[in-house]
Student: 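One structure coming up, written as structure tokens, with questions to follow.
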Amino acid sequence: MKMIEGVFSVSDAKIAVIISRFNSFINESLLSGAVDTLKRHGEIGENNITVVRCPGAVELPLVAQKVAETGKYDAIISLGTVVRGGTPHFDYVCSECNKGLMQVSLKYSIPVAFGVLTVDSIEQAIERAGAKAGNKGVEAALSVLEMIDVLSKIDS
Ligand code: INI
């Protein structure tokens, strides 16, 4: 049996982290978690990490597409927070953001992690941004590290 699986240390990889400004106080914690994970688990140097900011979760797919088009990055981590309100707006924002990011990943064959919190309340967001329910930015970073390695092993 042949098994292909990824490890987390991909020190030569170039990563773009795209982060939305909406609910920025939560997103900054996701960013800290993601960058810390890229450095300590991925052994990636600061020079190989680029952070790009955009207004909201709706804009993440277009930014991801522009970043992917450059061909300069091995993976993209998208970070944001969408909090449910009293209207269907939440559903549109989440679904368009998620679909758009997935399209970029498949079109350019690079990992695009969905580090976007989709929650019912700010409390739930805080819990998932470094408190009792972990940190979605860490999870997103670990996923791209593993994916970069497994995709390169499939190629070789
Ligand atoms: N953007 C978010 O990232 N999170 C939200 O919770 C949110 N809400 O609730 O409206 C949100 N809206 C802005 C949206 O992402 C776009 O920036 C805006 O619609 C302009 O295109």
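For ligands, and for the atoms within them, numbers begin at 1 and follow the listed sequence. The first residue of the sequence shown is numbered 1, and numbering continues consecutively from there. Keep in mind the model is a prediction, meaning the values are calculated, not measured. Atoms considered below: every heavy atom in the structure, side chains included; atoms not considered: hydrogens, waters and symmetry mates.
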Student: Yes or no on side-chain contact (heavy atoms from CB on, under 4.5 Å) for V51 and I19, after CA distance, side-chain angles and deciding distance?
Tutor: CA-CA 7 Å; V51 177; I19 174 171; 3.8 Å; yes
Student: Got the closest protein heavy atom to atom 6 (O) of ligand 1, with its distance?
Tutor: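 Atom 6 (O) of ligand 1 sits closest to the protein heavy atom V83 N, 3.1 Å.
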Student: Check for me, please, whether L145 and L31 land in the same ILVMFWY cluster - side-chain distances under 4.5 Å, paths through other members count.
Tutor: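 Per the 4.5 Å side-chain linkage, L145 and L31 are co-clustered.
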Student: Would you mind checking which non-hydrogen protein atom is closest to atom 12 (N) of ligand 1, with the distance to 0.1 Å?
Tutor: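 Answer for atom 12 (N) of ligand 1: F22 CE1, 3.6 Å.
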Student: Please state which option from E96, E59, H89 has its nearest heavy atom closest to atom 16 (C) of ligand 1.
Tutor: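 Of the listed residues, E59 has the closest heavy atom.
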Student: Which option out of P55, A57, C54, S24 puts a heavy atom nearest to atom 3 (O) of ligand 1?
Tutor: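 The nearest heavy atom belongs to A57.
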Student: Tell me, which protein residue and heavy-atom name are nearest atom 14 (C) of ligand 1, and how many Å apart are they?
Tutor: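 Result: V58 CG2, 3.7 Å.
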Student: With heavy-atom distances below 4.5 Å as the criterion, would you say the side chains of T118 and R84 are in contact?
Tutor: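 No, side chains not in contact.
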Student: I need the contact type for T81 against ligand 1. Using non-hydrogen atoms and a strict under-4.0 Å cut-off, is it side chain, backbone, both or neither?
Tutor: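 For T81, the contact with ligand 1 is made by the backbone alone.
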Student: I'd like to know if E59 and K66 make a salt bridge, using a cut-off of under 4.0 Å between side-chain N and carboxylate O.
Tutor: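 The answer is no: the pair does not qualify as a salt bridge.
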Student: Please lay out, stage by stage, how K136 and F114 fare under the test side-chain contact (heavy atoms from CB on, under 4.5 Å).
Tutor: CA-CA 9 Å; K136 194 79 175 166; F114 188 67; 5.6 Å; no
Student: Using a 6.0 Å cut-off, check whether atom CG of D155 has over 12 heavy atoms from anything other than its own residue.
Tutor: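 Yes, enclosed.
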Student: Below 4.0 angstrom from a heavy atom of G56, which ligand 1 atoms are there? Numbered from 1 as shown, please.
Tutor: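 Counting atoms of ligand 1 from 1, those under 4.0 Å from G56 are 3 (O), 15 (O), 17 (O).
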